Amino acid sequence: MAFRKAVKGTLIGGGAVATAFGLSQFFEYRKNQAQLAYVEAQGELKVPFNDALPTREEQLSTLRNTEEFDVLVVGGGATGSGCALDAVTRNLKTALVERSDFSSGTSSRSTKLIHGGVRYLQKAIMKLDYEQYMMVKEALHERANLLNIAPHLSAPLPIMLPVYKWWQLPYYWAGIKMYDLVAGSQCLKSSYVLSKSKALELFPMLKKDKLVGAIVYYDGQHNDSRMNLAIALTAARHGAAIANYTEVVHLLKKPDPKTGQVKVCGAHCRDIITGQEFDVRAKCVINATGPFTDSLRKMDNQKTPNICQPSAGVHIVIPGYYSPDNMGLLDPATSDGRVIFFLPWEKMTIAGTTDTPTVVTAHPIPLEDDINFILSEVRHYLSPDVEVRRGDVLAAWSGIRPLVTDPNSKDTQSICRNHVVNISDSGLITIAGGKWTTYRSMAEETLDAAIKAHNLSAGPSRTVGLMLDGGKDWTPTLYIRLVQDYGLENEVAQHLAATYGGRAFEVAKMAQVTGKRWPIVGKRLVSEFPYIESEVQYAVKEYACTAIDVIARRTRLGFLNVQAADEALPLIVEIMGKELQWTEQKKKVFTDCVFGFVCLQEELEGAKKFLHLEMGYKARSEQLSKTTEISLTAQEIARYKKRFYKFDKESKGFITTVDVQQVLEKLSIQIDENALHEILNEVDLNKNGQVELDEFLQLMSAVQRGQISDSRLAILMKTVEEGLDLRRPVSVDRSGGGV
């Protein structure tokens, strides 16, 4: 009864809200329809490279040999790629350079949501802030467009907001309904209220105590790095010359013949892979470098004040059993006032984000304090039956959000809640701030400003409704054709369809024969993920140049499970070596400032370093090394010592791979020596090639406390101990342990 009264009490407020916003939504709908009609009236844009993309070498040749571009975009994130796509589809001669890989920065490290921002709407209403309201409105329009133009990479996601106090139910309901109303005709699905029992039925892991009910609303979710790549590749297919691993050394300038004022007219660039330097001349240069905005601004004018105020956002990935397959969770008010999302993603669960001031770096590292903060907040909302363990963290990363101050504002210290487009005295166009969701409208506004400032000949933007690479030929049942036509596993086919859309057939054609009855083709990189070897080959066609590009951005293996990514690396490097014609003795090296040659092993070590520092492996090793206190009972210590000495027959106080192999031979078990070395290396804290008794006891203590879960060595030694008595097979498959 109380539940019904609470819902009923909100109807009056809801009706008032509907009346207030109804008229504005009607006009917005007519405006959007008119814009879409314009795009359709223009007809199909010509796509010169629809069948095959130019190679990276061909793109670099175009950059070097073109006399002058209309637009040069610096930065290959979502906004920079969006600017390139907007420019080239306006028939402007377009170039884009990125000093690392496309989406290597903030654009691949988001919460994976395409959203308007519920919390921004709350602030807009509470503070009567029209600017904030319009920002939400724009984002909701862009949300609908992005779901439309890349249906293979994005989809609506229901998100539950659990309610634990009766008065919060009408309060949150009114706010969420307002969110629906602001979206207007572009509302994905209508939000709704759930009773306690229904909420627990849909989200059984939820904490039951004091739960009143829940509200479910809809936002979009996407594969962010693949989406960014799709934008860049679409620009390339339309004729833009794009190149990753190409950095700007300095800006080119010349005096304006009419005014005599010095103007930016391009950039002196360096191909980081070959070390070759060249000029790229352009009528207009756009700075879309995200957190590195100020670096390029200072190339233009050293005295220019900084406008970027970077903030670090950490996310973690934990096993998929922590959340339902198709229901997210929003914690609207954490212990320190932040918002935490808890979302299913790629059959795992992603949780985040934090918001901490940081310094700008190309290699942000997730900190243990941030990881533990997220875990602590997750525990508040999950049932006590669900033990949230530190050891279940499979990957963790930090992304730098480029918050900016508006240089055009009188109050230059105030953080701008939206994006900023700035034109310097020399004509450098800077686009900074904003959100992933609004990349397209930001790009449109930036190009409008560039066209006006530099008198470029171009029409209006044509990117509303423009399908991204792979989206045009995608259907929800495309994966069935992949299974039937090529003999792929169902899970692999679904993954390929959801990653490459209509281009999935190109990947399937490259797939290797397995030699099994089923599947016929498609050798997996690692057993528990649907990524296959031919994706590495195809990644090279998508301009992947390093193993990191493959594990982090062409596939998402590094973001989903760093141990699995680590195991797949040797095979990935081997395949890339063949595709890029690397030799065993030397290959090209990628560094910030040095060019040279190193062996394939160094490429492998570079990728391992990325996993160690940027994807959470470092946090795991520190977690175990800090476990100096062994919190085990005397009985437990005796039991684990007995287990340890079954391997340490000579009572040396340590075990090596040789000791383990000798015990396994008694059970007629063979394990690859490299795999066994990796298993011991996970626990070998001082990296001396052996696991000492204290290290083993520290491991078991950490396992008991949940700091580490599913340790391969712990499982192996326990199973072998039992097998010595029962003489049964020993399983050494990696069980998905955390970092």
Side-chain angles (χ1 to χ4, degrees), residues 49 51-64 76 96-104 108 225-226 229 232-233 236-237 241-247 269-278 469 499-500 503 506-512 523-526 531-558 565-611:
F49 301 107
D51 294 330
L53 285 165
T55 65
R56 183 175 181 277
E57 289 69 28
E58 289 170 340
Q59 295 280 34
L60 286 167
S61 177
T62 302
L63 288 172
R64 286 192 299 265
L96 180 148
V97 293
E98 161 60 48
R99 74 173 182 180
S100 185
D101 186 27
F102 305 113
S103 195
S104 60
S108 64
S225 72
R226 291 294 318 183
L229 186 64
L233 294 180
R237 291 191 187 279
I242 67 172
N244 54 353
Y245 293 102
T246 304
E247 67 176 345
C269 300
R270 176 167 57 224
D271 176 4
I272 295 176
I273 294 176
T274 64
Q276 185 178 16
E277 297 190 10
F278 53 91
D469 195 47
T499 303
Y500 304 95
R503 304 279 177 191
E506 298 176 28
V507 184
K509 288 175 184 176
M510 301 168 71
Q512 299 291 317
K523 293 181 180 179
R524 294 194 182 208
L525 292 171
V526 284
Y531 302 114
I532 58 176
E533 293 180 11
S534 62
E535 290 185 78
V536 183
Q537 297 171 278
Y538 192 75
V540 174
K541 296 181 183 295
E542 295 180 320
Y543 307 124
C545 299
T546 71
I548 297 172
D549 298 342
V550 174
I551 61 173
R553 294 173 283 274
R554 302 310 184 279
T555 73
R556 306 315 305 274
L557 193 54
D566 187 64
E567 288 181 19
L569 275 175
L571 179 57
I572 290 171
V573 170
E574 180 184 345
I575 296 171
M576 291 191 76
K578 292 176 182 177
E579 292 295 315
L580 295 171
Q581 299 180 335
W582 296 340
T583 68
E584 288 297 324
Q585 295 302 317
K586 57 186 180 181
K587 60 166 284 297
K588 292 165 185 176
V589 63
F590 307 87
T591 62
D592 288 337
C593 57
V594 180
F595 167 72
F597 294 99
V598 295
C599 65
L600 284 169
Q601 183 63 27
E602 199 156 331
E603 170 70 11
L604 187 63
E605 289 172 359
K608 285 179 176 287
K609 183 179 179 182
F610 167 79
L611 293 174

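Values in this document were obtained by computation on a predicted structure and should not be read as measured data.
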Evaluate the salt bridge (charged side-chain N to carboxylate O under 4.0 Å, His left out) criterion for residues Arg226 and Glu542: first the C-alpha distance (whole Å), next the side-chain angles of each, then the deciding distance (0.1 Å), finally the verdict. CA-CA 11 Å; Arg226 291 294 318 183; Glu542 295 180 320; 2.8 Å; yes

Hey, which of Thr274, Asp549, Asp271 is the one that makes side-chain hydrogen bond (donor to acceptor under 3.5 Å, both in side chains) with Tyr245? Asp549

Minimum heavy-atom separation for [X] and [Y], please, with both atom names.
X: Leu60; Y: Ala243; value: CD2-CB, 3.8 Å
X: Val550; Y: Ala539; value: CG2-CB, 4.0 Å
X: Leu580; Y: Ala544; value: CD1-O, 4.3 Å
X: Leu96; Y: Gly76; value: CD2-CA, 4.0 Å
X: Tyr543; Y: Ala236; value: OH-CB, 4.5 Å

Test applied, side chain to side chain contact (heavy atoms under 4.5 Å, CB included); reference residue, Asp101; option that passes from Leu229, Asn244, Thr546: Asn244

Out of the candidates Leu557, Leu611, Leu604, only one should pair with Asp566 under the side chain to side chain contact (heavy atoms under 4.5 Å, CB included) rule; please name it.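 Of all the options given, the one that passes is Leu611.
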
Within the side chain of Glu535, is there an N or O that forms a donor-acceptor pair under 3.5 Å with the backbone of Val507? no

Drop me the distance from [X]'s [atom1] to [Y]'s [atom2], to the nearest 0.5 angstrom.
X: Leu53; Y: Gln59; atom1: CG; atom2: CD; value: 7.5 Å
X: Thr499; Y: Arg554; atom1: OG1; atom2: CZ; value: 13.0 Å
X: Leu525; Y: Leu571; atom1: CG; atom2: CG; value: 5.5 Å
X: Arg64; Y: Cys269; atom1: CZ; atom2: SG; value: 11.5 Å
X: Lys523; Y: Gln512; atom1: NZ; atom2: CD; value: 6.0 Å
X: Ile272; Y: Arg99; atom1: CD1; atom2: CZ; value: 7.5 Å

Using a distance-only test with no angle check, is there a side-chain donor-acceptor pair under 3.5 angstrom linking Ser225 and Arg556?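 Yes - a donor-acceptor pair under 3.5 Å links their side chains.
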
Kindly indicate, with the supporting measurements, whether the criterion side chain to side chain donor-acceptor pair (under 3.5 Å) is fulfilled by Tyr538 and Glu506. CA-CA 8 Å; Tyr538 192 75; Glu506 298 176 28; 3.1 Å; yes

List the steps and the verdict of salt bridge (charged side-chain N to carboxylate O under 4.0 Å, His left out) for Glu605 and Lys609. CA-CA 6 Å; Glu605 289 172 359; Lys609 183 179 179 182; over 6 Å; no

